[in-house]
Amino acid sequence: MKCDPTLYRGAPPSLAVKPRLLRHLLLPPLILLLTIGLGYTGYRISEHFGIRSLSENGERQLELHARTVESELGKYTYLPSLLELESSVSSLLADPTAQNRDSVNQYLEGLNRRSRSRAIYVLDTTGRVVATSNWRDADSYLGEDLSFRAYFQDAVRGHQGRFYGIGSTSGEPGYYLAHGLEQQGKIIGVAVIKVRLEALEERWQRARLEAYVSDENGIIILSSDPNLRLKSVRPLTAQTKERLARSLQYYWWPLNELQPLEREQLAEGVETVTFATHSDVPSDDKKISYLAQTRNLNDTPWDITLLTPLQDLRREAANQGMLVAVVFALLAFLLIAWNERRKVIATRLAAREALQEANNQLERKITDRTTHLRASNERLKAQIRERRHAEDTLRRAQDELVQAGKLAAIGQMSTSIAHELNQPLAALRTLSGNAVRFLQRGDLKVAADNLTTINDLVDRMGRITANLRSFARRGDDQGQASLSKAVEATLQLLAARLEASCVEVHRDFSDAQLTIDQTRLEQILVNLIGNALDAMHVETASPQLWLEGELRDGKYQLSVRDNGPGIDPQSRKHLFEPFFTTKPGEQGLGLGLTLSASLAAAAGGSLNVEFPDAGGVAFVLLLPLVQPVKAEPI
Ligand code: ADP
């Protein structure tokens, strides 16, 4: 049974493998890219929300600290204006005597002590210090010309003088608040208070707050980090730098720019800035990022900036990003594993279905084939029955033919048999008559000899009739035959003709036991030898008959050869055809060779004819041995 090969054959490799290979090659980098992308997105989202949260928190902190700075500055706002009310101050300005100066110096000294400010001093309208709280100190401002100071210039014009600067005498930074002292609508002098704001810085440092305050020039005047102090938060033009240098506001400080490595504006007053870390600060990273939130301080041109470090937030965001990436990678891995498993199951199911289908097909084909075989079997059985029937018919016909052949042979032989029997009968008649006469004469001896001869003749006649009877008997397919007995019986049967034709018989064969019925073997030999006798009867001068046997392929072969006239080529091909005869009148029936060949075939042997070069004809009878043993020659 053939199976359909396409059931199990996959698609051509060039079509099936390529996209799969491509997928397998592309998938890992794709997953890697997605993992990195999602990790980065997770990082950015986490950072965004973290910054928002930090920003909200920073907003509150900024507000709180801005208020603190404002209140710290506000404390001193009205102090210089209070000096307007002090008569000794106005007296000094009107009349700058030593006595008046002493009295104002002492007054200012006391006031400064109580207000905990750095210094309080009074300038005349030319900008010269006429009285000061630090009049006792070596670096006292007394007599100094501070007309170049912006706070003086503002105050003398009636504006509020606010100013952060580095003292030209002490070199000490401070917040200067100046007020123009008026008398009857005219400015007669300027009162100045210098406040130190280091306390704010110390407070920020204690609270671990990173913040700075930048003034109207963008210069950091207060900072929790001393390194940032007096640095510019925005670029300064050369012109501005020159102006500031000339004003000595920041003394001779270089006013370097605070240069962030990166800066990103997030909203109004909110930005992220990245600075390079100072080399003396031990850090894994060389950069440090801050969220910078800036707000204006009320009643001042100053800004306060709160710096919130972003390292922790970024570390947290990086962790979140990593988590997202790991979760995605895990999910992708699980998905791939699940998909692979699904494919394996699908393949198995498909294979099982294909197998089931093939099985079903096989079963269907087996059923069909079985039905077909059963029908063929039935047909064969019917044919066998028919053949058996035909065989039976044939065998019966064959038997009939054999019998007919025998009877024909007997008919053929009847003349010679009659001759054979008449001769002894005539002899018997003569001998019996003579015997009577010799008995009457009393010649007993001769009479006895005659009677003995009569007895022999009767025996001979009995043998002739016995042979005829056994020849006429029906045989069967089964049985065994002795070759020599069969030859003897045949020669006996044909003895009269052999004698009449003066045929010389040559015997050269073994007493083989052959698997053929004895009678049938005799029948064959009678036909073959009888034909030879017929052929040699007319023209052959010295008729000879050779009976030669030999073993051939486990069978026994007997050749019946004569030196008769042979057979003309025309007749040769018709020899074994039924009713082919060359014999005149009723002498031949044309059944002898046909029957003999069919009897030999029925016994598992064969009968063939050969034409020896020396002349005559040789009929070759081949028959199976009962036991394939080498027979002894007789
Ligand atoms: P029948 O003897 O009745 O003619 P057979 O079948 O026995 O039928 O023989 C057929 C013919 O074969 C014979 O008529 C004869 O012509 C030929 N034939 C048989 N044997 C010999 C032989 N030994 N020599 C010559 N011719 C033979």
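For ligands, and for the atoms within them, numbers begin at 1 and follow the listed sequence. The shown structure was predicted, so the numbers you read here are calculated from the model rather than taken from an experiment.
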Open item on the list: For E357, is there an ion pair with R364 - N to carboxylate O distance below 4.0 angstrom?
Closed with: yes
Open item on the list: Whether the side chain of N434 engages the backbone of A447 through a donor-acceptor N/O pair (distance < 3.5 Å, no angle test) should be reported.
Closed with: no
Open item on the list: Salt bridge check, D392 against R388: does any charged N sit closer than 4.0 Å to a carboxylate O?
Closed with: no
Open item on the list: With a cutoff of 4.0 Å, is N527 in contact with ligand 1, counting heavy atoms of the residue only?
Closed with: no
- [ ] Report the relative orientation of the aromatic rings in F576 and F619; use parallel for angles under 30°, tilted for 30 to 60°, perpendicular for over 60°.
- [x] perpendicular
Task: Approximate separation, where rounding is to 0.5 Å, of I36 CD1 and L32 CG - done: 4.0 Å
Task: Numbered atoms of ligand 1 (with element) below 4.0 Å of A532, judged on heavy atoms - done: 23 (N)
Open item on the list: Below the 3.5 angstrom mark, is there an N/O of F619, backbone or side chain, next to an N/O of ligand 1?
Closed with: no
TODO: Using a strict cut-off of less than 4.0 Å between a Lys/Arg side-chain nitrogen and an Asp/Glu carboxylate oxygen, indicate whether D368 and K365 qualify as a salt bridge.
DONE: no
TODO: Check each heavy atom of D562 against ligand 1 and say whether those closer than 4.0 Å belong to the side chain, the backbone, both or neither.
DONE: side chain
Task: Atoms of ligand 1 close to L575 [distance to a heavy atom under 4.0 angstrom, numbered from 1] - done: 12 (O)
Task: K583 N/O under 3.5 Å from ligand 1 N/O - done: yes
TODO: Report the member of T581, T540, N531 with the shortest heavy-atom distance to atom 4 (O) of ligand 1.
DONE: T581
